[in-house]
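Input: a single structure, listed below in structure tokens.
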Amino acid sequence: MVSSTPQACNKNLHFVFIPLMAPGHILPMVDMAKLLARRNNVKVSIVTTPLNAPQFKASLDREVHQNSSQIQIVLIKFPNSESRIPQGCESLDTLPSMDLKVNFFLALSLLRKPIEDLIEQNILDPFPSCLIYDKNIPCVSEVATKFNVPRIIFDGTNCFNLLCNHNLYHSKVSENLCDDDYIVVPGLPHRIEMKRSQLPALFNPGTNQHLIDVREKIRENEKGAYGVVVNSFEELESEYVREYQRVTGSKVWCLGPVSLTNKDDVDKAQRGNNKFNHDDEIVNKYVKFLDSWPKGSVIYACLGSLNRVSPKQLIEIGLGLEVTKRPFIWVLRGAYRKDEMEKWLSENGFEERVKDRGILIKGWAPQILILSHSSIGAFLTHCGWNSTLEGICSGVPLITFPMFADQFYNEKLVVQVIEIGVRIGVENAVHFGDEHRFGDGVQVTREKVMDAVEKVMGEGEEEEKRRERAKEYGDLAKKAIEEGGSSYNNLSFLVENIINNHVSKV
Ligand SMILES: *[C@@H]1O[C@H](CO)[C@@H](O)[C@H](O)[C@H]1NC(C)=O
Ligand SMILES: *[C@@H]1O[C@H](CO)[C@@H](O)[C@H](O)[C@H]1NC(C)=O
Ligand SMILES: *[C@@H]1O[C@H](CO)[C@@H](O)[C@H](O)[C@H]1NC(C)=O
């Protein structure tokens, strides 16, 4: 435990966080940073660029004032001109075109010098005891080597993902297969079968040699790290945590679900919202709506922000929600080909037809606040890990609609390993640049939407059991980060480890 360590030893502990500039990545790392800064005598710095700071500055200020945490933001310049990314754009989700993705990774590699400067010029003071950085910023490993500081990789996913990737990569079973072939991921505690095309980009590299090189660099960078921190918790996937540590020999600390750091409603409501800081009125409208429905009766549907769902598919989801005749909140955010969707909404009369029992949110939604309301009975999600975990914490069953990257793995974890979700029935991944291939096609009809909703919300023993399991996992998640819980303890072990490392060097 931290408290048993002589205070003199960890007086100068300074953890430096370097998150990836993308919303699903920044917020979990900021939460982790806040948790760490609540420990005695630990100072935490979050290194980011000016346009990425506002979304979490207010929440850090509260942390400093209310909890006397030693936590600060340290700014570096985003290398716009060197990477030929337009000024005003400093994050993956604000790139004017995904064609600039290669430039974005170039920009990330250029962060090495400014981070080194922070250390050399003592701006990061005291001297960092540990760098915790997003695995997509591999240049940090060079900084760590130069200054002889331990580096810990933040992986935004979970051990189930890490193990699947590790085993697939080393077994090479996916090589020389066609997109439509199915493979069983080797060496796992469960029988996990995936279509080849559903695997993440590492196994579906496309043809862009720059991106292939970037991914290889990210993979290489995992070697030699002091360990890995994940936003997951032992009780969720203990067999996978253990097995991943065994096959890699790497330390893994499960510190999640970190979003539970935001206990008060201000934080829940403001999370990730930098545009409308004063929309209490709108938030109240959602709460009022939820208050007006019975426990477990409302569907919450949100397919994420970087979504690749075609308008036709979105329309089918909307009509599916309509035929369920159940109340719902449907978030339409950053939808691909938004104009077509707007046109349909204005011409179809959908909103008018559902106005008594449906709310459409076009833009940012206070997701954690909504999910934690007792009238929510199901969460239709794209299975991004951040959202999946928020769903697990809220104790409601999930309806899974994965699209790409790690989302198909997360679907398997939810449906097959912990059995708290129902697949809506997506078969084909829509990889970046591939939108037109399946783009207009509808993979999930309104009937499938309705079937999945009924499977999750309907009466019956199986349905009831699934809801109970979901609730149990929600409780376990909450316990994990409380004092004495597994994630709480893992954080203590992490701090202790770094103290020992620190002391042995002095
Ligand atoms: C997770 O994603 C949801 C929506 O997909 C968003 O509302 C929320 O702020 C995100 N949280 C984190 C931790 O990024
Ligand atoms: C302060 O820390 C406690 C737990 O140590 C937490 O519950 C509370 O939310 C924190 N306050 C703020 C403003 O985050
Ligand atoms: C995290 O906690 C679990 C159980 O509480 C423990 O078995 C595991 O060794 C811890 N992990 C690390 C890396 O210390």
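All residue numbers refer to positions in the sequence shown, counting from 1. Because the structure is predicted, anything quoted here is derived from the model rather than measured. Each ligand, and each atom within it, is numbered from 1 in the order the structure gives.
- The part of Val252 lying near ligand 3 is the backbone, judged by heavy-atom distances below 4.0 Å.
- Both tests hold for Arg39 against Tyr488: distance to the six-membered ring centre under 6.0 Å, angle to the ring axis within 45°.
- We find that Glu463 and Arg467 are not joined by a salt bridge, their nearest charged nitrogen and carboxylate oxygen being 4.0 Å or further apart.
- Salt-bridge formation is not detected for the pair Lys146/Glu142: no Lys NZ or Arg NE/NH1/NH2 atom is positioned less than 4.0 Å from an Asp or Glu carboxylate oxygen.
- With hydrogens left out, the protein atom closest to atom 14 (O) of ligand 3 is Phe493 CD1, 3.4 Å, a heavy atom.
- Close contacts between ligand 3 and Glu234 involve ligand atoms 1 (C), 2 (O), 3 (C) [criterion: under 4.0 Å to a heavy atom].
- The one candidate from Leu36, Ile132, Leu60 that meets the side chain to side chain contact (heavy atoms under 4.5 Å, CB included) condition with Val44 is Leu36.
- Between atom 10 (C) of ligand 3 and the options Asn490, Leu255, Asn489, the minimum heavy-atom separation is to Asn490.
- Relative orientation of the Phe147 and Phe127 rings is perpendicular, given thresholds of 30° and 60° on the angle between their planes.
- Protein heavy atoms are found inside the 4.0 Å sphere centred on atom 2 (O) of ligand 3.
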